[in-house]
Amino acid sequence: MPLAAIVLAVLAVAFEQLIEWKYGPMGIIGFIALAIGIKARNTLFGGIGAVIIVMLLAQSG
């Protein structure tokens with residue numbers, strides 16, 4: 001169990017660093033807003049995070 005938690009924490013940190021490297025601080029804000037919205041079951045907060053991420057993806061493509 002502790003090994004699985006450590007691996008999951010490392011993957012989460014690596015994913016966060018990848019988003020920040022590719023999309024900057026706004027990507028981190030969008031990702032955090034989306035994660036908090038999903039965890040709290042708050043559709044407004046999750047929607048704001050999703051819109052930020054979609055706008056960043058549309059801008060880079």
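Along the sequence shown, residues are numbered consecutively beginning with 1.
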Q) Could you give the distance from CD1 (I53) to CD1 (I48), rounded to the nearest 0.5 Å? A) 12.5 Å
Q: Report yes or no: do L11 and L3 belong to one cluster of Ile/Leu/Val/Met/Phe/Trp/Tyr joined by side chain heavy-atom distances under 4.5 Å?
A: yes
(Q) Would you say F15 ends up clustered with L57 if hydrophobic residues are merged whenever their side chains have heavy atoms under 4.5 Å apart, either directly or through other cluster members? (A) yes
Q: With the side chain counted from C-beta on, respond yes when I36 and N42 share a heavy-atom pair under 4.5 Å apart, and no when they do not.
A: no
Q. If two hydrophobic side chains count as joined below 4.5 Å and joins carry through other members, does L44 share a cluster with L34?
A. yes
Q: Quick one: pull up CD1 in I29 and CG in L56 and give me the separation to the nearest 0.5 Å.
A: 9.5 Å
Q) Nearest heavy-atom pair of G49 and A33: which atoms, and what distance? A) CA-CB, 3.7 Å
(Q) Pair F31, Y23 - check ring-ring contact (aromatic ring centres under 6.0 Å, His included), show working. (A) CA-CA 10 Å; F31 177 69; Y23 300 110; over 10 Å; no
Q. To the nearest 0.5 Å, what is the distance between CD1 (I52) and CD1 (I32)?
A. 10.5 Å
